Amino acid sequence: MADNKRRIRFKSIALVEAVIILILTLLLIWAAFIRGKDKAVPANASVKKDIRRRAVIEKEETFYQLDGKKILMNDGTYGEVFVPVYADVPASTINLDELTMRNGYAYYKENGEVVSTTGVDVSEFQGEIDWEQVKQADIDFAFIRVGYRTYGDGIVTYDSAFQRNIEGALDAGIKVGVYFYSQATDADEAIAEADAVIDALADYKITYPVVYDWEIVHDAARTDNVSVEALADCCVAFCERVKDSGYTPMVYQNTGTAMHKLDLPRIKDYDFWLAEYAEKPSYYYDFKIWQYSNTGRVPGIEGDVDLNICFRPYDGKIKETEKNTDKKAEEN
């Protein structure tokens, strides 16, 4: 009797399980059918033509692509990066189509005529220079290094060839500007560097700018941890000191450091000398001089030398105009 009851109970449970499985199966079939029916679209149904389209991607074949107020440029670590555009910093007006290279020199034309001048920048590393040969090689101007601050202990030092180079260039009829290789970490040091330059220039006719060349050269340099604000302070301090002495101040820098390290709105009132070794410059903002090669060859100079193009030559009138303007302001 007990065995019969047990069998009847097992059969009942099995029947209930079978019914449940059947119901679940029917529900799954129904759900799949309904969903498929909802999603199905007949081949001959009316479909809007603009649901799927190919995006139009516009590209501008320039070094910098503008997107609102941003500049697209290449970074050695991150590749393409966006950098904000400063609305109050003047953009370059150079027409790159009018920039040509001939016999290793860069030339710039306006209205079909060459308006640029060609120059070199030199220091004691170039050794003995035959400036007469340099002049005959169609070099119009030269930037002479006045001195430098040492990487480690920060001692202001005059270039051992400064006097020889500046006098040789001037005697050969080459117009001269000068630069100081800075390792300043604050405004006081930049002022000391400017004063050293001004003292050295007392007996010479300077037509081209007096340039502030601040650089980070390697991991052991004392400038490694200089902040953006401190660097801008150095630039302003040096340039204002130079301007007060009647010279045209200028800041020298390469494209990467200028875009990532310089506070450009704070130094926008000073002329800019760009270092970028390429067939054509890519720098977005205004610059007066472009250093386009550090492997140039010029008769009279042994080995490699930096080559520069000045787009609108300095003739000394800028300096005199600034001095006269300042004098009138003091009188009023």
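Just so it is clear, the model here is predicted, and its values are computed rather than measured.
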Evaluation steps, salt bridge (Lys or Arg N to Asp or Glu O under 4.0 Å), between Asp263 and Lys261
CA-CA 7 Å; Asp263 187 346; Lys261 186 75 174 178; over 6 Å; no
task: Would you please classify the geometry between the Phe311 ring and the Trp290 ring as parallel, tilted or perpendicular, with 30° and 60° separating the classes?
output: parallel
When you measure from the side chain of Asp140 to the backbone N and O of Thr118, does any donor-acceptor pair fall under 3.5 Å?
-> yes
ask   = Is it true that a side-chain atom of Arg222 and a backbone atom of Gln183 form a donor plus acceptor pair closer than 3.5 Å?
value = yes
Q | Val115 vs Lys109 side-chain heavy atoms within contact, under 4.5 Å | A | no
* Quick one: are Gln291 and Glu276 in side-chain contact, heavy atoms under 4.5 Å? -> no
Neighbour count above 12 (heavy atom, 6.0 Å) for Asn103 CG:
no
- Task: Would you sort out whether Arg297 and Asp304 count as a salt bridge (Lys or Arg N to Asp or Glu O under 4.0 Å), showing the intermediate values?
- Result: CA-CA 6 Å; Arg297 291 298 178 126; Asp304 295 336; 3.0 Å; yes
ask   = Quick one: do the Gln163 and Glu167 side chains pair a donor with an acceptor below 3.5 Å?
value = yes
**OP:** State, without any angle test, whether Ser182 and Tyr212 hold a side-chain donor-acceptor pair at a distance under 3.5 Å.
**Re:** yes
Next on the checklist: Taking the ring of Tyr283 and the ring of Phe272, is the distance between their centroids below 6.0 Å?
Outcome noted: yes
**Item:** Glu302 atom CD, neighbour heavy-atom count above 12 within 6.0 Å
**Value:** no
Checklist entry - Looking at Phe141 versus Tyr208, is the centre-to-centre ring distance below 6.0 Å? => result yes
**Request:** Keeping the roles fixed (side chain from Ser92, backbone from Ile94), state whether a donor-acceptor pair exists under 3.5 Å.
**Result:** yes
*Can you check whether Leu170 reaches Lys175 side chain to side chain, under 4.5 Å on heavy atoms?*
no
Practice task
Assess whether salt bridge (Lys or Arg N to Asp or Glu O under 4.0 Å) is satisfied between Arg266 and Asp233, documenting all intermediate values.
Solution key: CA-CA 9 Å; Arg266 288 190 60 195; Asp233 290 344; 2.8 Å; yes
Open item on the list: Tell me whether Arg149 contacts the main-chain N or O of Gly154 through its side chain, where contact means a donor paired with an acceptor under 3.5 Å.
Closed with: yes
(request) State, yes or no, whether a side-chain contact exists between Pro249 and Val210 at a heavy-atom distance under 4.5 Å. (result) no
Answer with yes or no whether the side chains of Tyr292 and Asp306 bring together a donor and an acceptor at under 3.5 Å. no
Note to self: Test side chain to side chain donor-acceptor pair (under 3.5 Å) on Asn95 and Tyr108; report intermediate values, then the result.
What the structure shows: CA-CA 9 Å; Asn95 182 357; Tyr108 185 68; 5.6 Å; no
query = Quick one: are Val178 and Arg145 in side-chain contact, heavy atoms under 4.5 Å?
reply = no
With heavy-atom distances below 4.5 Å as the criterion, would you say the side chains of Trp273 and Asp213 are in contact?
no
**Study point:** Within the 6.0 Å centroid threshold, strictly below: Phe238 and Trp214
**Key:** no
- Message: I want to check something: taking the side chain as every heavy atom from C-beta on, are Thr150 and Thr157 in contact at a cut-off of under 4.5 Å?
- Response: yes
Review point. Is the side chain of Thr257 donor-acceptor paired with the backbone N or O of Gln253 at a distance under 3.5 Å, no angle test?
Key: no
Any donor and acceptor pair, going by atom type alone, linking the side chain of Glu240 with main-chain N or O of Val236 inside 3.5 Å? no
Taken to the nearest 0.5 Å, the spacing of Ile139 CD1 from Thr117 OG1 works out to 9.5 Å
Closest non-hydrogen contact found for Cys235 with Ile267 is CB-CG2, 3.8 Å
Q.
Taking the six-membered ring of Tyr107 as reference, does the cationic atom of Arg102 (NZ for Lys, CZ for Arg) lie under 6.0 Å from its centre and within 45° of its axis?
A. yes
Taking everything shown except Phe125 itself, do over 12 heavy atoms lie less than 6.0 Å from its CZ? no
Could you go through Arg164 and Glu124, starting from their C-alpha distance and side-chain angles, then the distance that decides it, and tell me whether this counts as salt bridge (Lys or Arg N to Asp or Glu O under 4.0 Å)?
CA-CA 10 Å; Arg164 181 177 73 238; Glu124 60 191 34; over 6 Å; no
>> Hydrophobic clusters here meaning ILVMFWY residues chained together by side-chain heavy-atom distances under 4.5 Å, can you tell me if Tyr86 and Val251 are in one?
In response: yes
task: Check the pair Glu215 / Tyr252 against side chain to side chain donor-acceptor pair (under 3.5 Å), numbers first and verdict last.
output: CA-CA 9 Å; Glu215 299 188 35; Tyr252 167 95; 4.7 Å; no
Do the side chains of Val122 and Tyr204 join up, straight or via other hydrophobic residues, at under 4.5 Å, putting them in one cluster? yes
Minimal heavy-atom distance between Ser227 and Ala230, with the atoms involved, is OG-N, 3.0 Å
